[in-house]
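To start, the structure itself, in C-alpha coordinates.
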Amino acid sequence: MVEESKVVLLGSGFSMFGMRAKIALEEKGIKYEYIEQDLTNKSPLLQEMNPIHKKIPVLIHNGRPICESLIIVEYIDMVWNNNSSFLPSDAYQRALARFWANFVDQEVYHVSRRVWTSMGNEQEVAKKGFIESLKQLEEVLGDKAYFGGDTFGFVDISLIPFYCWFYTYEMFGKFKVEAECPKLIAWAKRCMPRESVSKTLADGKEVYESVLDYKKLMLD
(Lines give C-alpha, C1' and ligand atoms only; values in the text may rest on other atoms or scores of the structure.)
Protein backbone atom coordinates (compact mmCIF):
# COMPACT_ATOMS: atom_id res chain seq x y z
CA MET A 1 0.00 0.00 0.00
CA VAL A 2 1.01 3.61 -0.59
CA GLU A 3 0.42 6.37 1.96
CA GLU A 4 -2.22 8.73 0.61
CA SER A 5 -0.21 11.82 1.49
CA LYS A 6 2.73 10.67 -0.63
CA VAL A 7 3.40 11.41 -4.27
CA VAL A 8 4.73 8.19 -5.79
CA LEU A 9 5.99 7.44 -9.28
CA LEU A 10 6.19 3.89 -10.62
CA GLY A 11 8.76 3.69 -13.41
CA SER A 12 11.21 1.37 -15.06
CA GLY A 13 14.81 1.50 -16.22
CA PHE A 14 15.44 3.53 -19.35
CA SER A 15 11.80 4.19 -20.26
CA MET A 16 11.52 7.58 -21.93
CA PHE A 17 7.90 7.71 -20.75
CA GLY A 18 8.91 7.34 -17.12
CA MET A 19 11.59 10.01 -17.65
CA ARG A 20 8.90 12.43 -18.81
CA ALA A 21 7.05 12.12 -15.55
CA LYS A 22 10.27 12.55 -13.56
CA ILE A 23 11.18 15.72 -15.47
CA ALA A 24 7.71 17.18 -14.89
CA LEU A 25 7.89 16.46 -11.15
CA GLU A 26 11.38 17.94 -10.93
CA GLU A 27 10.36 21.05 -12.88
CA LYS A 28 7.60 21.71 -10.36
CA GLY A 29 9.86 20.99 -7.39
CA ILE A 30 7.60 18.21 -6.09
CA LYS A 31 8.93 15.78 -3.52
CA TYR A 32 8.10 12.23 -4.56
CA GLU A 33 9.05 8.63 -4.01
CA TYR A 34 10.26 6.67 -7.03
CA ILE A 35 9.60 2.93 -7.10
CA GLU A 36 11.42 0.97 -9.82
CA GLN A 37 9.33 -1.70 -11.51
CA ASP A 38 10.45 -4.99 -13.04
CA LEU A 39 8.30 -5.30 -16.14
CA THR A 40 9.18 -8.98 -16.54
CA ASN A 41 7.67 -9.64 -13.12
CA LYS A 42 5.04 -6.96 -12.58
CA SER A 43 4.46 -6.01 -8.98
CA PRO A 44 1.06 -6.28 -7.27
CA LEU A 45 1.21 -2.49 -6.79
CA LEU A 46 1.62 -1.82 -10.53
CA GLN A 47 -1.17 -4.25 -11.39
CA GLU A 48 -3.43 -2.66 -8.80
CA MET A 49 -2.68 0.90 -9.88
CA ASN A 50 -2.86 0.25 -13.64
CA PRO A 51 -5.14 -2.79 -13.99
CA ILE A 52 -6.03 -2.01 -17.62
CA HIS A 53 -2.59 -1.87 -19.26
CA LYS A 54 -0.27 -2.81 -16.36
CA LYS A 55 2.32 -0.40 -17.76
CA ILE A 56 4.52 2.34 -16.40
CA PRO A 57 4.64 5.15 -15.63
CA VAL A 58 1.99 5.50 -12.98
CA LEU A 59 1.75 8.57 -10.76
CA ILE A 60 0.02 7.96 -7.43
CA HIS A 61 -1.34 11.11 -5.79
CA ASN A 62 -3.63 11.11 -2.78
CA GLY A 63 -3.76 7.34 -3.10
CA ARG A 64 -5.19 7.56 -6.63
CA PRO A 65 -3.38 6.48 -9.83
CA ILE A 66 -2.86 8.56 -12.96
CA CYS A 67 -1.65 6.56 -15.97
CA GLU A 68 -0.12 7.38 -19.39
CA SER A 69 2.86 9.71 -19.46
CA LEU A 70 1.38 12.70 -21.31
CA ILE A 71 -1.69 12.61 -19.09
CA ILE A 72 0.61 12.48 -16.05
CA VAL A 73 2.61 15.51 -17.25
CA GLU A 74 -0.57 17.51 -17.84
CA TYR A 75 -2.00 16.41 -14.47
CA ILE A 76 1.17 17.59 -12.71
CA ASP A 77 0.90 20.90 -14.56
CA MET A 78 -2.72 21.43 -13.52
CA VAL A 79 -2.42 20.35 -9.88
CA TRP A 80 0.88 22.06 -9.05
CA ASN A 81 0.13 25.36 -10.79
CA ASN A 82 2.13 27.61 -8.47
CA ASN A 83 4.79 28.30 -11.09
CA SER A 84 5.00 28.56 -14.88
CA SER A 85 2.75 26.21 -16.81
CA PHE A 86 4.02 23.57 -19.23
CA LEU A 87 1.19 24.41 -21.62
CA PRO A 88 0.56 27.80 -23.26
CA SER A 89 -2.32 29.94 -21.98
CA ASP A 90 -3.64 30.49 -25.52
CA ALA A 91 -6.16 27.76 -26.42
CA TYR A 92 -4.90 27.30 -29.98
CA GLN A 93 -1.24 27.11 -28.95
CA ARG A 94 -2.22 24.67 -26.19
CA ALA A 95 -3.96 22.46 -28.75
CA LEU A 96 -0.86 22.58 -30.98
CA ALA A 97 1.38 21.56 -28.09
CA ARG A 98 -0.85 18.58 -27.35
CA PHE A 99 -0.84 17.63 -31.04
CA TRP A 100 2.96 17.61 -31.30
CA ALA A 101 3.42 15.81 -28.01
CA ASN A 102 1.05 13.15 -29.32
CA PHE A 103 3.04 13.12 -32.58
CA VAL A 104 6.12 12.16 -30.56
CA ASP A 105 4.22 9.15 -29.18
CA GLN A 106 2.44 8.08 -32.33
CA GLU A 107 5.19 8.72 -34.88
CA VAL A 108 8.62 9.18 -33.31
CA TYR A 109 8.37 6.41 -30.74
CA HIS A 110 6.97 3.68 -32.96
CA VAL A 111 9.32 4.26 -35.87
CA SER A 112 12.37 4.75 -33.63
CA ARG A 113 11.70 1.44 -31.92
CA ARG A 114 11.79 -0.32 -35.27
CA VAL A 115 15.27 1.12 -35.94
CA TRP A 116 16.74 -1.20 -33.31
CA THR A 117 14.26 -4.09 -33.44
CA SER A 118 14.33 -4.70 -37.20
CA MET A 119 16.96 -5.53 -39.82
CA GLY A 120 17.61 -5.11 -43.53
CA ASN A 121 15.09 -3.24 -45.65
CA GLU A 122 12.63 -2.92 -42.79
CA GLN A 123 15.29 -1.17 -40.72
CA GLU A 124 16.12 1.18 -43.61
CA VAL A 125 12.45 2.11 -43.94
CA ALA A 126 12.26 2.69 -40.18
CA LYS A 127 15.42 4.82 -40.20
CA LYS A 128 14.05 6.96 -43.02
CA GLY A 129 10.74 7.38 -41.20
CA PHE A 130 12.49 8.26 -37.96
CA ILE A 131 14.61 10.94 -39.59
CA GLU A 132 11.56 12.35 -41.39
CA SER A 133 9.65 12.58 -38.12
CA LEU A 134 12.54 14.43 -36.48
CA LYS A 135 12.77 16.81 -39.43
CA GLN A 136 9.08 17.60 -39.01
CA LEU A 137 9.71 18.44 -35.37
CA GLU A 138 12.73 20.51 -36.37
CA GLU A 139 10.46 22.58 -38.62
CA VAL A 140 8.06 23.14 -35.73
CA LEU A 141 10.97 24.18 -33.49
CA GLY A 142 12.28 26.61 -36.10
CA ASP A 143 14.62 29.19 -34.58
CA LYS A 144 12.98 29.11 -31.15
CA ALA A 145 14.96 28.17 -28.06
CA TYR A 146 12.31 25.63 -27.06
CA PHE A 147 9.16 24.29 -28.66
CA GLY A 148 7.21 26.64 -26.40
CA GLY A 149 9.29 29.64 -27.48
CA ASP A 150 11.50 30.97 -24.70
CA THR A 151 9.90 28.59 -22.21
CA PHE A 152 10.71 24.91 -21.66
CA GLY A 153 7.31 23.27 -21.86
CA PHE A 154 5.01 20.40 -22.76
CA VAL A 155 6.52 19.36 -26.11
CA ASP A 156 10.07 19.72 -24.78
CA ILE A 157 9.24 17.42 -21.84
CA SER A 158 7.62 14.96 -24.23
CA LEU A 159 10.60 14.74 -26.60
CA ILE A 160 13.78 15.29 -24.56
CA PRO A 161 13.84 11.77 -22.98
CA PHE A 162 14.37 10.35 -26.48
CA TYR A 163 17.70 12.18 -26.63
CA CYS A 164 19.38 9.57 -24.43
CA TRP A 165 18.21 6.91 -26.90
CA PHE A 166 19.72 8.62 -29.94
CA TYR A 167 23.04 6.80 -29.51
CA THR A 168 21.21 3.46 -29.66
CA TYR A 169 19.35 4.43 -32.84
CA GLU A 170 22.58 5.66 -34.39
CA MET A 171 24.52 2.51 -33.55
CA PHE A 172 21.88 0.18 -34.96
CA GLY A 173 20.95 2.39 -37.92
CA LYS A 174 24.51 3.50 -38.74
CA PHE A 175 23.73 7.21 -39.05
CA LYS A 176 24.13 10.41 -37.02
CA VAL A 177 21.08 12.37 -35.90
CA GLU A 178 23.12 15.59 -35.76
CA ALA A 179 24.06 15.27 -39.44
CA GLU A 180 20.38 15.01 -40.35
CA CYS A 181 18.83 17.35 -37.76
CA PRO A 182 21.43 19.78 -36.36
CA LYS A 183 18.84 22.22 -34.97
CA LEU A 184 17.20 19.45 -32.98
CA ILE A 185 20.52 18.42 -31.45
CA ALA A 186 21.24 22.07 -30.61
CA TRP A 187 17.82 22.19 -28.88
CA ALA A 188 18.64 19.02 -26.91
CA LYS A 189 21.95 20.52 -25.79
CA ARG A 190 20.07 23.60 -24.56
CA CYS A 191 17.76 21.36 -22.55
CA MET A 192 20.51 19.28 -20.93
CA PRO A 193 21.79 21.92 -18.46
CA ARG A 194 18.35 22.06 -16.82
CA GLU A 195 18.62 20.19 -13.54
CA SER A 196 15.33 18.40 -14.15
CA VAL A 197 16.72 16.97 -17.39
CA SER A 198 20.35 16.34 -16.46
CA LYS A 199 19.46 14.39 -13.30
CA THR A 200 16.78 12.36 -15.10
CA LEU A 201 18.15 11.35 -18.49
CA ALA A 202 20.08 8.09 -18.63
CA ASP A 203 23.53 7.81 -20.16
CA GLY A 204 23.20 7.04 -23.87
CA LYS A 205 25.84 4.32 -23.86
CA GLU A 206 24.20 2.63 -20.87
CA VAL A 207 20.90 2.62 -22.77
CA TYR A 208 22.66 1.01 -25.74
CA GLU A 209 24.26 -1.68 -23.56
CA SER A 210 20.90 -2.41 -21.99
CA VAL A 211 19.30 -2.80 -25.42
CA LEU A 212 22.10 -5.17 -26.49
CA ASP A 213 21.50 -7.28 -23.38
CA TYR A 214 17.77 -7.29 -24.05
CA LYS A 215 18.25 -8.42 -27.65
CA LYS A 216 20.62 -11.20 -26.57
CA LEU A 217 18.05 -12.35 -24.02
CA MET A 218 15.38 -12.47 -26.71
CA LEU A 219 17.61 -14.62 -28.93
CA ASP A 220 18.42 -17.13 -26.17
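Any value given below was found using the heavy atoms of this structure, including those in side chains, with hydrogens, waters and symmetry copies removed. Residues: numbered from 1 along the sequence shown.
- When every heavy atom of Met49 is checked against every heavy atom of Pro51, the shortest pair comes out as C-CD, 3.5 Å.
- Judged by distance alone, the side chains of Asn50 and Lys55 never bring a donor and an acceptor atom under 3.5 Å apart.
- Side-chain N or O atoms of Thr200 include none that pairs as donor or acceptor with a backbone N or O of Met19 at under 3.5 Å.
- Aromatic pair Trp165/Phe162: centroids not less than 6.0 angstrom apart.
- Heavy atoms from other residues, nucleotides or ligands lying under 6.0 Å from CG of Asp150 number 12 at most.
- In this structure, Lys28 contributes its side chain and Val79 its backbone to no donor-acceptor pair below 3.5 Å.
- Between the side chain of Asp156 and the backbone N or O of Gly153 there is at least one donor-acceptor pair closer than 3.5 Å.
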- [ ] Before giving the answer on side-chain contact (heavy atoms from CB on, under 4.5 Å), spell out for Tyr146 and Thr151 the whole-Å C-alpha distance, their side-chain angles and the decisive distance to 0.1 Å.
- [x] CA-CA 6 Å; Tyr146 302 106; Thr151 306; 5.8 Å; no
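- Criterion: ILVMFWY side-chain heavy atoms under 4.5 Å apart, direct or through other members. Under it, Phe14 and Leu217 are part of a common hydrophobic cluster.
- More than 12 non-hydrogen atoms from other residues, nucleotides or ligands lie less than 6.0 angstrom from NZ of Lys135.
- Taking the six-membered ring for Trp and the full ring otherwise, Phe172 and Tyr208 have centroids separated by under 6.0 Å.
- Expressed to the nearest 0.5 Å, how far CH2 of Trp187 lies from NZ of Lys144 amounts to 12.0 Å.
- Counting only distance, with no hydrogens or angles, the side chain of Ser210 and the backbone of Glu206 share no donor-acceptor pair below 3.5 Å.
- Using bins of under 30°, 30° to 60° and over 60° for the plane-to-plane angle, the ring pair Phe103/Phe99 lands in the parallel bin.
- How far CE of Met78 is from OG of Ser85: 9.5 Å, rounded to the nearest 0.5 Å.
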TODO: Evaluate salt bridge (Lys or Arg N to Asp or Glu O under 4.0 Å) for Asp105 paired with Arg20, printing each intermediate quantity in order.
DONE: CA-CA 12 Å; Asp105 279 6; Arg20 278 179 183 167; 2.5 Å; yes
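- Between the side chain of Glu36 and the backbone N or O of Gly13, at least one donor-acceptor pair lies under 3.5 Å.
- One N or O on the side chain of Gln123 and one on the backbone of Val115 form a donor-acceptor pair closer than 3.5 Å.
- Checked by atom type and distance alone, the side chain of Glu138 pairs as donor or acceptor with a backbone atom of Leu184 at under 3.5 Å.
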- [ ] Could you give me the CA-CA distance, side-chain angles and deciding distance for Glu178 and Lys189, then say whether salt bridge (Lys or Arg N to Asp or Glu O under 4.0 Å) is met?
- [x] CA-CA 11 Å; Glu178 189 165 20; Lys189 289 178 179 177; 3.7 Å; yes
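- Listed here is the closest heavy atom pair of Lys54 and Leu46: O-CD2, 3.8 Å.
- Not a single donor-acceptor pair under 3.5 Å links the side chain of Glu26 to the backbone N or O of Glu195.
- Counting only distance, with no hydrogens or angles, the side chain of Asp203 and the backbone of Lys205 share a donor-acceptor pair below 3.5 Å.
- Placement of Val125 and Phe130 in two distinct hydrophobic clusters is found when ILVMFWY residues are connected by side-chain heavy-atom separations under 4.5 Å, directly or transitively.
- The line from CZ of Phe86 to CD1 of Ile76 is 6.5 Å long, rounded to the nearest 0.5 Å.
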